[in-house]
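Here, residue 1 is the first one in the sequence, and each next residue gets the next number.
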Amino acid sequence: YGVTNPTKAGTYTIAVTTTKDPDAATDSVTIQAADPAKLAIDVNALDEDASKDGTQVTAGSSKSVTVKLTDQYGNEANAASAITVKLSDTAGFEGSGTIAGGSSSTTISWDVPQKVGTYTLTAEDVTEGVATKMQAASVSVEVIAAAPTKADITGPGYLDVNQEGTYTITLKDANDNVAKASSDLS
(Lines give C-alpha, C1' and ligand atoms only; values in the text may rest on other atoms or scores of the structure.)
Protein backbone atom coordinates (compact mmCIF):
# COMPACT_ATOMS: atom_id res chain seq x y z
CA TYR A 1 0.00 0.00 0.00
CA GLY A 2 1.12 3.53 -0.68
CA VAL A 3 1.29 6.31 1.85
CA THR A 4 0.32 9.86 0.93
CA ASN A 5 2.54 12.43 2.55
CA PRO A 6 0.78 15.24 4.39
CA THR A 7 1.30 18.75 3.05
CA LYS A 8 1.93 20.30 6.48
CA ALA A 9 5.52 20.00 7.67
CA GLY A 10 5.94 18.32 11.04
CA THR A 11 6.52 14.98 12.78
CA TYR A 12 3.96 12.25 12.28
CA THR A 13 3.51 8.76 13.71
CA ILE A 14 2.93 5.86 11.34
CA ALA A 15 1.29 2.69 12.68
CA VAL A 16 1.19 -0.59 10.77
CA THR A 17 -0.98 -3.59 11.68
CA THR A 18 -1.80 -6.83 9.93
CA THR A 19 -4.66 -9.29 10.30
CA LYS A 20 -2.19 -11.90 11.62
CA ASP A 21 -0.48 -9.53 14.09
CA PRO A 22 -2.88 -6.98 15.63
CA ASP A 23 -0.09 -5.30 17.61
CA ALA A 24 0.79 -2.17 15.68
CA ALA A 25 4.35 -1.36 14.80
CA THR A 26 4.88 2.38 15.03
CA ASP A 27 7.54 4.77 13.97
CA SER A 28 7.74 8.49 13.43
CA VAL A 29 8.51 10.33 10.27
CA THR A 30 9.36 14.00 9.85
CA ILE A 31 8.02 15.85 6.82
CA GLN A 32 10.25 18.79 5.89
CA ALA A 33 9.06 21.90 4.05
CA ALA A 34 9.43 21.72 0.28
CA ASP A 35 11.59 24.21 -1.61
CA PRO A 36 10.56 27.85 -1.10
CA ALA A 37 8.05 29.03 -3.71
CA LYS A 38 6.23 32.12 -2.48
CA LEU A 39 6.14 35.01 -0.06
CA ALA A 40 3.52 35.41 2.68
CA ILE A 41 2.62 38.48 4.78
CA ASP A 42 1.95 37.73 8.46
CA VAL A 43 -1.38 39.58 8.84
CA ASN A 44 -2.04 38.19 12.33
CA ALA A 45 0.80 40.30 13.70
CA LEU A 46 -0.62 43.43 12.03
CA ASP A 47 -4.28 43.09 13.06
CA GLU A 48 -5.25 45.46 15.88
CA ASP A 49 -8.78 44.09 16.33
CA ALA A 50 -9.00 40.31 16.01
CA SER A 51 -12.68 40.43 17.02
CA LYS A 52 -13.54 41.93 13.60
CA ASP A 53 -13.23 40.30 10.19
CA GLY A 54 -10.25 41.34 8.11
CA THR A 55 -7.12 43.15 9.19
CA GLN A 56 -7.40 46.57 10.87
CA VAL A 57 -4.52 48.99 11.47
CA THR A 58 -4.52 52.56 12.79
CA ALA A 59 -4.12 55.45 10.35
CA GLY A 60 -0.74 57.18 10.47
CA SER A 61 0.91 54.50 12.61
CA SER A 62 4.11 52.59 11.89
CA LYS A 63 3.93 48.79 11.76
CA SER A 64 6.53 46.04 11.61
CA VAL A 65 5.48 43.75 8.75
CA THR A 66 6.91 40.23 8.73
CA VAL A 67 7.26 38.72 5.27
CA LYS A 68 7.82 34.97 5.29
CA LEU A 69 9.14 32.58 2.68
CA THR A 70 6.94 29.48 2.24
CA ASP A 71 6.70 26.36 0.11
CA GLN A 72 3.68 25.75 -2.17
CA TYR A 73 1.73 24.34 0.82
CA GLY A 74 2.32 27.34 3.11
CA ASN A 75 5.05 25.77 5.27
CA GLU A 76 7.75 28.21 6.30
CA ALA A 77 10.90 27.43 4.27
CA ASN A 78 14.49 28.71 4.38
CA ALA A 79 16.05 30.63 1.50
CA ALA A 80 19.01 29.00 -0.26
CA SER A 81 20.45 32.49 -0.89
CA ALA A 82 19.48 36.07 -0.08
CA ILE A 83 16.11 37.30 -1.38
CA THR A 84 15.34 41.03 -1.64
CA VAL A 85 11.72 41.84 -0.78
CA LYS A 86 9.87 45.04 -1.73
CA LEU A 87 6.86 45.96 0.42
CA SER A 88 4.38 48.43 -1.08
CA ASP A 89 0.83 49.63 -0.58
CA THR A 90 -1.77 51.19 -2.85
CA ALA A 91 -1.23 54.59 -1.18
CA GLY A 92 2.31 54.78 -2.59
CA PHE A 93 4.48 53.47 0.27
CA GLU A 94 7.56 51.43 -0.66
CA GLY A 95 10.07 49.77 1.66
CA SER A 96 12.44 46.82 1.40
CA GLY A 97 14.11 44.08 3.38
CA THR A 98 16.23 40.99 2.82
CA ILE A 99 15.56 37.37 3.69
CA ALA A 100 19.08 36.10 4.33
CA GLY A 101 20.26 32.75 3.01
CA GLY A 102 19.33 30.09 5.58
CA SER A 103 16.52 32.26 7.00
CA SER A 104 12.81 32.31 6.29
CA SER A 105 11.63 35.87 7.00
CA THR A 106 12.38 39.57 7.10
CA THR A 107 10.70 42.42 8.96
CA ILE A 108 10.02 45.69 7.15
CA SER A 109 8.76 48.91 8.75
CA TRP A 110 5.52 50.10 7.10
CA ASP A 111 4.21 53.66 7.36
CA VAL A 112 0.44 53.08 7.42
CA PRO A 113 -1.53 55.57 5.23
CA GLN A 114 -2.97 58.55 7.10
CA LYS A 115 -6.44 58.37 5.55
CA VAL A 116 -8.99 55.70 6.46
CA GLY A 117 -9.93 53.21 3.77
CA THR A 118 -9.04 49.82 2.37
CA TYR A 119 -5.54 49.38 0.98
CA THR A 120 -3.63 46.50 -0.58
CA LEU A 121 -0.26 45.62 0.97
CA THR A 122 2.02 43.68 -1.41
CA ALA A 123 5.34 41.88 -0.91
CA GLU A 124 7.31 40.96 -4.00
CA ASP A 125 10.66 39.36 -4.78
CA VAL A 126 12.86 41.98 -6.47
CA THR A 127 16.12 40.02 -6.26
CA GLU A 128 18.37 40.88 -9.19
CA GLY A 129 20.22 38.31 -11.27
CA VAL A 130 18.03 35.28 -10.54
CA ALA A 131 16.06 33.29 -13.10
CA THR A 132 13.16 32.36 -10.83
CA LYS A 133 11.50 34.70 -8.36
CA MET A 134 9.21 33.85 -5.47
CA GLN A 135 5.46 34.31 -6.01
CA ALA A 136 4.31 37.68 -4.63
CA ALA A 137 1.85 38.04 -1.73
CA SER A 138 -0.94 40.60 -1.32
CA VAL A 139 -3.32 41.26 1.56
CA SER A 140 -6.19 43.69 2.02
CA VAL A 141 -5.87 45.96 5.05
CA GLU A 142 -8.50 48.30 6.51
CA VAL A 143 -6.99 51.52 7.84
CA ILE A 144 -9.10 52.79 10.74
CA ALA A 145 -9.13 56.16 12.49
CA ALA A 146 -6.91 56.75 15.48
CA ALA A 147 -8.28 58.01 18.80
CA PRO A 148 -9.96 61.43 18.59
CA THR A 149 -7.69 64.38 19.23
CA LYS A 150 -10.00 67.26 18.31
CA ALA A 151 -13.63 68.19 17.77
CA ASP A 152 -15.10 70.18 14.88
CA ILE A 153 -18.25 72.11 15.75
CA THR A 154 -20.62 73.27 13.02
CA GLY A 155 -23.81 75.27 13.38
CA PRO A 156 -25.12 78.80 13.24
CA GLY A 157 -22.56 81.48 14.00
CA TYR A 158 -25.19 83.93 15.19
CA LEU A 159 -28.51 83.51 17.00
CA ASP A 160 -31.09 86.08 18.10
CA VAL A 161 -32.31 86.11 21.71
CA ASN A 162 -34.57 83.10 22.40
CA GLN A 163 -33.67 81.54 19.03
CA GLU A 164 -32.58 77.89 19.02
CA GLY A 165 -29.79 76.48 16.93
CA THR A 166 -28.53 73.02 16.08
CA TYR A 167 -24.86 72.26 16.39
CA THR A 168 -22.99 69.19 15.21
CA ILE A 169 -19.83 68.01 16.92
CA THR A 170 -17.56 65.74 14.87
CA LEU A 171 -14.63 64.03 16.55
CA LYS A 172 -11.50 63.70 14.42
CA ASP A 173 -8.09 62.09 14.81
CA ALA A 174 -4.77 63.85 14.17
CA ASN A 175 -5.08 63.00 10.44
CA ASP A 176 -8.57 64.59 10.09
CA ASN A 177 -10.34 61.21 9.89
CA VAL A 178 -13.72 61.01 11.59
CA ALA A 179 -13.04 59.17 14.84
CA LYS A 180 -15.21 57.45 17.42
CA ALA A 181 -15.13 58.23 21.13
CA SER A 182 -14.00 55.35 23.28
CA SER A 183 -16.99 55.86 25.62
CA ASP A 184 -20.36 57.62 25.65
CA LEU A 185 -19.94 61.39 25.88
CA SER A 186 -22.66 63.45 27.52
Could you check whether any side-chain heavy atom of Tyr167 comes within less than 4.5 Å of a side-chain heavy atom of Thr154, counting everything from C-beta outward?
no
Any donor-acceptor pair under 3.5 Å from Asp160 side chain to Gln163 backbone
no
Please assess Val65 against Leu121 for the test side-chain contact (heavy atoms from CB on, under 4.5 Å), listing each intermediate value before the final yes or no.
CA-CA 10 Å; Val65 177; Leu121 188 60; 4.3 Å; yes
Flag for Ser104-Glu76: side-chain donor and acceptor within less than 3.5 Å:
yes
Please check if Val116 and Val139 belong to a single hydrophobic cluster, counting links between Ile, Leu, Val, Met, Phe, Trp and Tyr side chain heavy atoms closer than 4.5 Å.
no
Work out which heavy atom in Pro156 is nearest to a heavy atom in Gly165; give both atom names and the distance.
CG-CA, 4.0 Å
Run the side-chain contact (heavy atoms from CB on, under 4.5 Å) test on Thr106 and Thr66 for me, step by step, so that the C-alpha distance in whole Å, both residues' side-chain angles and the decisive distance to 0.1 Å come before the verdict.
CA-CA 6 Å; Thr106 185; Thr66 300; over 6 Å; no
Atom of Asp71, atom of Ala34 and distance for their closest heavy-atom approach:
OD2-N, 2.9 Å
Output for pair (Asp111 CG, Leu87 CG), nearest 0.5 Å, gives 10.0 Å
Is there a side-chain contact (heavy atoms from CB on, under 4.5 Å) between Asp42 and Lys68? Walk through the geometry before answering.
CA-CA 7 Å; Asp42 185 359; Lys68 296 179 179 181; 3.9 Å; yes
Ignoring hydrogens and geometry, is there a side-chain-to-backbone donor-acceptor pair from Asn177 to Ala145 under 3.5 Å?
no
Rounded distance (nearest 0.5 Å) linking atom NZ of Lys38 with atom OH of Tyr73:
10.5 Å
Is it true that a side-chain atom of Thr90 and a backbone atom of Tyr119 form a donor plus acceptor pair closer than 3.5 Å?
no
Lys8 side chain near Asn75 side chain, heavy-atom distance below 4.5 Å
yes
Should the pair Lys115-Asp176 be classified as a salt bridge under the 4.0 Å nitrogen-to-oxygen rule?
no
Pair Thr107-Ser64, side-chain donor/acceptor within less than 3.5 Å
no
Using a strict cut-off of less than 4.0 Å between a Lys/Arg side-chain nitrogen and an Asp/Glu carboxylate oxygen, indicate whether Lys63 and Glu48 qualify as a salt bridge.
yes
Check the pair Thr58, Val112 against side-chain contact (heavy atoms from CB on, under 4.5 Å), reporting the backbone distance first and the verdict last.
CA-CA 7 Å; Thr58 301; Val112 178; over 6 Å; no
Closest non-hydrogen contact found for Glu94 with Ser88 is CG-CB, 4.0 Å
Approximate separation, where rounding is to 0.5 Å, of Ile144 CD1 and Thr55 OG1:
11.0 Å
Residue Asn162 excluded, over 12 heavy atoms near CG under 6.0 Å:
no
Does a donor on one side chain sit under 3.5 Å from an acceptor on the other, for Thr11 and Thr30?
yes
Reported CD1-to-OG distance for the pair Ile41 and Ser105, which is rounded to 0.5 angstrom:
13.0 Å
Is a donor on one side and an acceptor on the other found under 3.5 Å between the side chain of Asp89 and the backbone of Gly92?
yes
Is there a side-chain contact between Leu39 and Gln135 (heavy atoms, below 4.5 Å)?
no
Gly97 and Ile108 have their tightest heavy-atom pair at N-CD1, 3.7 Å
Give the minimum heavy-atom separation between Thr127 and Ala82, together with the two atoms involved.
CG2-O, 3.9 Å
Test item: Leu69 and Met134 side chains (from C-beta on) under 4.5 Å apart, heavy atoms
yes
Lys150 atom NZ, neighbour heavy-atom count above 12 within 6.0 Å:
yes
Is there a donor-acceptor pair closer than 3.5 Å between any side-chain N or O of Asp27 and the backbone N or O of Ile14?
no
Glu124 versus Val126: any side-chain heavy-atom pair under 4.5 Å?
yes
So, taking the atom named CG in Asp173 and the one named CD in Gln114, what distance separates them when rounded to the nearest 0.5 Å?
9.0 Å
Transitively linked via ILVMFWY side-chain contacts under 4.5 Å: Val143 with Leu171?
no
With the side chain counted from C-beta on, respond yes when Val130 and Glu128 share a heavy-atom pair under 4.5 Å apart, and no when they do not.
no
On a heavy-atom basis, which atom in Pro148 and which in Ala181 lie closest, and how many Å separate them?
CG-CA, 4.2 Å
Pairing residues for Thr122 by the side chain to side chain donor-acceptor pair (under 3.5 Å) criterion, not counting sequence neighbours
Ser138
Between Trp110 and Val141, is any pair of side-chain heavy atoms under 4.5 Å apart?
yes
Residues in salt bridge (Lys or Arg N to Asp or Glu O under 4.0 Å) contact with Lys52, at least two apart in sequence or another chain:
Asp49
Look up atom CD1 in Ile153 and atom CD1 in Ile169, then write down how far apart they are to the nearest 0.5 Å.
5.0 Å
